[in-house]
2 protein chains.
Amino acid sequence: MSLRHAVLATLLPGPQSGYDLAKKFDEVMRGVWYARRNQMYGELAKLTEAGFAVQAAEGPRGRRAYSVTDEGRAELRRWLVETEPDRTVRDETMLRALLVSTLEPADALGVLAREEDVLRTELHALRGYLDSLLAEPGTDPMVMGLSLRAHIVEGMLKWTTDATRRFRAAPDARG
Amino acid sequence: MSLRHAVLATLLPGPQSGYDLAKKFDEVMRGVWYARRNQMYGELAKLTEAGFAVQAAEGPRGRRAYSVTDEGRAELRRWLVETEPDRTVRDETMLRALLVSTLEPADALGVLAREEDVLRTELHALRGYLDSLLAEPGTDPMVMGLSLRAHIVEGMLKWTTDATRRFRAAPDARG
DNA sequence: AACTGCATGTAATTGGTTACATGATTCA
DNA sequence: TGAATCATGTAACCAATTACATGCAGTT
C-alpha cells in the first residue's frame with residue numbers, strides 16, 4: 001500500500017503531526033499522491049502499531065508529533081528497492097482529456113479551456129514552490145520529484161493547447 | 001465517480017461485454033484509469049440500473065453485450081461539461097520517483113533503472129497501438145488521449161534518464 | 001482429451017470518502 | 001470577543017482489491 005509509505009517518507013525530515021503531514025500532502029504530494037486530512041491520523045496510528053513510527057513529542061492543543069524509527073527507515077528502503085511497483089494510475093484530468101473527443105466541438109472547447117486553466121494554475125504553484133526550495137541553502141530531495149511533476153504538467157498543457165487549436169481549426173477532425 | 005463514466009464512454013462505440021471492456025481498459029485506459037476485470041460487471045449492473053446502459057444482446061458462453069442509452073449519452077456529456085473534475089492523482093511510479101532521493105545512491109540507481117525499463121515498455125506499447133489506430137481508415141477518438149499519455153511517458157522517461165545521469169555523475173548531489 | 005481463451009460472477013476484506021463532532025490557541 | 005487556524009479524531013458509507021468459484025467454446 002502506497003499511502004503508508006508516502007506518509008513514512010514525508011515524516012523523514014523530522015517530527016511532524018498529522019496536521020503537518022496533511023498540509024505537506026496538499027502542497028508537495030498533490031500531483032503524485034493525494035490523501036484527505038483525516039487519513040493521516042489513521043496512517044500514523046498504523047505506522048506506530050507496526051513499529052515504523054513513534055510519538056516523539058506532545059505540544060499545545062493536543063498536538064502529537066511523530067518521527068520515523070530505524071525499522072521505519074528500513075521498511076521504506078525495502079519497499080522502494082524490493083517491491084514491484086503497482087502500475088495503477090488514476091488521473092481524472094487525463095481521463096477527461098481522453099473522453100473529450102466524444103463531445104460536440106463546442107462542448108469540447110469549453111472543457112479544454114477549463115483544464116488548461118487549472119493546469120496553468122498548478123504549474124504556477126509548482127514553479128513558485130520549486131523557486132522557494134532552490135533559494136534555500138542545501139538541495140531538498142523533493143526538488144527532483146517536483147520537477148518531474150512540473151515536466152508532466154507542461155506536457156499536459158502543451159497537449160491541451162494543441163487539442164484546442166485543432167478543435168478550433170477543424171471541428172470535425174477529431175484526433 | 002469516474003469509473004462509471006469511464007466505462008460508459010468505453011461502451012460508446014457499440015455493444016460490448018464486461019470481458020470486452022476489461023480488455024479495452026487494459027489496452028487503452030491503462031495510463032489514465034485502471035480497473036480490475038471483475039469491476040466491470042458491477043459497473044455494468046449499476047449503469048443498467050440507472051438507465052444509462054441496456055443489455056443489447058446475448059451470445060455464446062453466457063456473453064452479455066451492453067450498449068449505451070440516450071440517457072447514458074446525456075449523462076456522459078453532463079459529467080464532462082458540468083461537473084468539476086476531481087483533481088485527485090494517484091501514480092505510484094511518480095510517487096517512487098519523488099521518494100527515490102531518500103535512498104542511498106546505489107539503491108536509487110537500481111530503482112531508476114527498473115522504472116526506466118517499465119516506462120520504455122509502456123511507450124513501445126503505446127506507439128504500437130497508436131500506429132495501428134492511425135493505419136485504420138477514419139480517426140479513432142482515442143488517439144488524442146493516447147498521444148497525451150505518450151507525451152507524458154516520454155517526459156517521465158526523459159526525467160529518469162536525467163536523474164540517473166545525475167546520480168551517477170555526482171552521487172551526493174541529490175536534486 | 002487437453003489446453004487456451006472466453007465469459008461470468010460472489011464474498012470477504014481493506015482502503016478511501018463524506019459527514020460529523022469537538023475543542024484549544026492566536027491574533028486583530 | 002469573534003474569526004481564523006491549529007489540532008484531533010469517529011462513524012457510516014462507498015469503492016477497490018483479493019481470492020475464490022464456475023463453466024463453455026474453439027483449437028490442436
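In what follows, every chain begins at residue 1, and chains take the letters A, B, ... in the order their sequences are listed.
Rounded to whole Å, the distance from NZ on B:Lys23 to P on C:dA7 is 8 Å. In this structure, CZ of A:Phe25 is placed 10 Å from P of C:dG16, rounded to the nearest angstrom. Separating the CD atom of B:Gln16 from the P atom of C:dT8 is a distance of 11 Å, rounded to the nearest angstrom.
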task = For B:Leu98 and A:Trp33, run side chain to side chain contact (heavy atoms under 4.5 Å, CB included): C-alpha distance rounded to whole Å, both residues' side-chain angles, the deciding distance at 0.1 Å, then the answer.
result = CA-CA 10 Å; B:Leu98 194 102; A:Trp33 205 266; over 6 Å; no

task = Please report the C-alpha distance between B:Trp159 and A:His151 in whole Å, then the side-chain angles of each, then the deciding distance to 0.1 Å, and finally whether the ring-ring contact (aromatic ring centres under 6.0 Å, His included) criterion is met.
result = CA-CA 8 Å; B:Trp159 179 88; A:His151 272 98; 8.6 Å; no

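The phosphate of C:dT8 (OP1 or OP2) has a side-chain N or O of B:Ser17 nearer than 4.0 angstrom.
With sequence neighbours excluded, the residues forming a side-chain hydrogen bond (donor to acceptor under 3.5 Å, both in side chains) with B:Glu122 are B:Arg149, listed by chain and number. Residues forming a side-chain hydrogen bond (donor to acceptor under 3.5 Å, both in side chains) with B:Thr164 (at least two apart in sequence, or on another chain): none.
Hydrophobic clustering of Ile, Leu, Val, Met, Phe, Trp and Tyr side chains at less than 4.5 Å, counting indirect connections, keeps B:Val100 apart from B:Val118.
A salt bridge is defined here as a Lys NZ or Arg NE, NH1 or NH2 lying under 4.0 Å from an Asp or Glu carboxylate O, and B:Arg78 with B:Glu75 meets this definition. A salt bridge is defined here as a Lys NZ or Arg NE, NH1 or NH2 lying under 4.0 Å from an Asp or Glu carboxylate O, and B:Glu43 with B:Arg4 meets this definition. A salt bridge between B:Arg114 and B:Asp117 is absent, with no side-chain N of the basic residue lying under 4.0 Å from a carboxylate O of the acidic one. A salt bridge is defined here as a Lys NZ or Arg NE, NH1 or NH2 lying under 4.0 Å from an Asp or Glu carboxylate O, and A:Arg120 with A:Glu115 fails to meet this definition. Salt bridge absent: B:Lys158 and B:Asp162 never bring a charged side-chain N and a carboxylate O closer than 4.0 Å.
Side chain of B:Glu92 to backbone of A:Asp86: a donor-acceptor contact under 3.5 angstrom is found.
Taken residue by residue, residues 36-53 of chain A places heavy atoms nearer than 4.0 Å to DNA chain C at A:Arg36, A:Asn38, A:Gln39. Listed in residue order, the members of residues 55-64 of chain A having a heavy atom less than 4.0 Å from DNA chain D are A:Arg61, A:Gly62, A:Arg63, A:Arg64.
Bounding nucleotides for the chain B contact on DNA chain D, 5' to 3', at a heavy-atom distance below 4.0 Å, are D:dA15 to D:dA25.
Comparing the helix axis at one end of the helix from C:dA1-D:dT28 to C:dA28-D:dT1 with that at the other, each defined from 5 consecutive pairs, gives an inter-axis angle of 30° (nearest 10°).
By the 4.5 Å heavy-atom criterion applied to side chains, A:Val89 and B:Arg90 are not counted as neighbours.
Both the sub-6.0 Å distance and the 45° axial angle are satisfied by A:Arg96 relative to the ring of B:Trp79.
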